[in-house]
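Let me begin by presenting the structure, written as structure tokens, before commenting on it.
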Amino acid sequence: QVQIVESGGGLVQPGGSLRLSCAASGSTVSIYVMGWYRQAPGKQRELVATITSSGSTNYADSVKGRFSISRDNTKNTVYLQMNRLKPEDTAVYYCNVHWVMVSAWGQGTQVTVSS
């Protein structure tokens, strides 16, 4: 039984910052990859950033240089620091937890960037 919960979303002005958190509680097996995805209205869900258990990261081109992903393996928690936010970053952000052969999703947290 695993619970995956995102938090930290909200409303910010363009150029502002937000820090998202995702805690995966109840896991008894080591988590290989944790990541963030987002889905805007009328669009498909897309990858934002991922991080492996050893700290290797991967970012979508649209967020490189602005977003930073990190994780705390002892707490099974992943973070997404989002800087210089743009209106096109507006979306529901979902946390993904990936074990060796299965994965699970959180419920999502809304990020809105608007003047």
Side-chain angles (χ1 to χ4, degrees):
Q1 179 265 324
V2 177
Q3 182 99 331
I4 302 173
V5 180
E6 304 97 329
S7 62
L11 173 64
V12 297
Q13 294 185 339
S17 298
L18 283 175
R19 184 173 184 253
L20 306 183
S21 299
C22 171
S25 62
S27 178
T28 59
V29 180
S30 297
I31 299 172
Y32 174 44
V33 179
M34 303 184 79
W36 291 94
Y37 294 70
R38 66 187 182 186
Q39 187 166 19
K43 301 185 66 176
Q44 296 184 189
R45 188 172 300 185
E46 64 178 356
L47 181 147
V48 177
T50 61
I51 184 168
T52 69
S53 58
S54 61
S56 297
T57 58
N58 183 49
Y59 297 92
D61 288 340
S62 59
V63 306
K64 286 181 179 177
R66 299 189 298 119
F67 292 10
S68 179
I69 189 171
S70 61
R71 66 187 283 175
D72 184 339
N73 292 333
T74 65
K75 299 179 179 179
N76 283 335
T77 300
V78 63
Y79 307 93
L80 185 68
Q81 179 66 47
M82 305 185 294
N83 300 319
R84 304 196 306 279
L85 283 161
K86 306 174 181 179
E88 49 263 45
D89 294 319
T90 295
V92 177
Y93 283 70
Y94 297 91
C95 177
N96 178 255
V97 179
H98 202 310
W99 293 266
V100 175
M101 299 190 69
V102 298
S103 64
W105 295 89
Q107 82 290 342
T109 184
Q110 176 71 50
V111 172
T112 302
V113 186
S114 179
S115 298

Can you check whether S53's main-chain N or O pairs, donor with acceptor, with N73's side chain at less than 3.5 Å?
yes
One pair to check against ring-ring contact (aromatic ring centres under 6.0 Å, His included): W105 and Y37. What are the steps and the verdict?
CA-CA 10 Å; W105 295 89; Y37 294 70; 5.0 Å; yes
Cation-aromatic face contact R71/Y79, 6.0 Å, 45 degrees:
no
Checking salt bridge (charged side-chain N to carboxylate O under 4.0 Å, His left out) against R38, which of E46, E6, E88 comes through?
E46
Hey, is CD on Q107 packed in by over 12 heavy atoms from elsewhere, all under 6.0 Å?
yes
A side-chain contact here means heavy atoms from C-beta on lying under 4.5 Å apart; do P14 and S115 qualify?
yes
Heavy-atom check, side chain of T109 versus side chain of V92, under 4.5 Å:
no
Side-chain touch V78/I69, heavy atoms, less than 4.5 angstrom
yes
Would you compute the distance between atom OG of S17 and atom CG of L85 and round it to the nearest 0.5 angstrom?
6.0 Å
Okay, side chain of T77, backbone of K75: is any donor-acceptor separation there less than 3.5 Å?
yes
What I want to find out is whether D89 reaches K86 closely enough, with some N-O distance under 4.0 Å, to be called a salt bridge.
no
Under a 4.5 Å cut-off applied to non-hydrogen side-chain atoms, are V97 and C95 in contact?
yes
Give a yes or no on whether the backbone of Y32 and the side-chain of W99 come within a donor-acceptor separation of less than 3.5 Å.
no
Output yes when a side-chain donor or acceptor of R84 lies under 3.5 Å from a complementary backbone atom of G65, and no otherwise.
yes
Non-hydrogen side-chain atoms of W36 and N96 separated by less than 4.5 Å
no
Hey, are the side chains of T57 and T50 touching, using non-hydrogen atoms and a 4.5 Å cut-off?
no
OG-CE distance between S103 and M34, expressed to the nearest 0.5 angstrom:
12.0 Å
Is it possible for you to say whether L80 and V33 belong to one hydrophobic cluster, with membership spreading through side-chain heavy-atom contacts below 4.5 Å?
no
Nearest 0.5 Å, what's the CG-CD1 distance between N76 and I31?
4.0 Å
Judged by atom type as modelled, is there a donor-acceptor pair below 3.5 Å linking the side chain of T90 to the main-chain atoms of V113?
yes
May I ask you to check whether over 12 heavy atoms, not counting those of Q44, lie within 6.0 Å of atom CD?
no
